[in-house]
Student: 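Okay, here's the structure, questions in a sec.
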Amino acid sequence: MTMLIHSERNKSGPNTDSLAEAIAIANHHDGVTGTEKQHVAYDYALRLAIGYKEAENVVAESLAGIANLTSKTGWSPQTKFHQCPLLNISYCPPSEVDP
């Protein structure tokens with residue numbers, strides 16, 4: 001069974017625009033080859049981090065919307081999803097919170 005979900009882009013909510021711009025900037029020939037100045041590399045990293053954080057919010061809201069939409073109970077809890085960006089360590093703050 002295929003489920004189609006119609007969604008419209010929410011202009012006021014989180015989006016991936018900053019990430020798209022950061023990726024476009026970081027793909028400049030100096031960024032790809034590593035010949036940019038150090039302060040420019042820091043700027044690339046900052047832009048990518050900001051974009052990542054905003055995209056993380058898009059994913060969390062999307063997953064919460066899908067979870068609430070597919071809830072079979074009729075009760076729609078306000079589900080919150082969190083990501084653990086440090087996958088190489090065993091500590092993740094959202095997983096340490098008591099329900």
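The shown structure was predicted, so the numbers you read here are calculated from the model rather than taken from an experiment.
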Student: Between OG1 of T16 and CD of E56, what distance do you get to the nearest 0.5 Å?
Tutor: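 One finds 13.5 Å between OG1 of T16 and CD of E56.
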Student: Going through the distances and angles, do R47 and D43 end up as a side chain to side chain contact (heavy atoms under 4.5 Å, CB included)?
Tutor: CA-CA 6 Å; R47 289 172 185 262; D43 183 59; 2.8 Å; yes
Student: What distance separates E54 CD from N15 CG, expressed to the nearest 0.5 Å?
Tutor: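 Reported to 0.5 Å precision, the distance equals 6.0 Å.
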Student: Roughly how far apart are I23 CD1 and Y52 OH, rounded to 0.5 Å?
Tutor: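 So the gap between those two atoms works out to 12.5 Å.
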Student: Measuring from atom NE2 of H28 to atom OG1 of T35, what distance do you get when rounded to the nearest 0.5 angstrom?
Tutor: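 Separation between the atoms: 8.5 Å.
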Student: What are the two closest non-hydrogen atoms of L19 and L48, and how far apart are they?
Tutor: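 Closest pair (atom of L19, atom of L48, distance): CD1-O, 4.2 Å.
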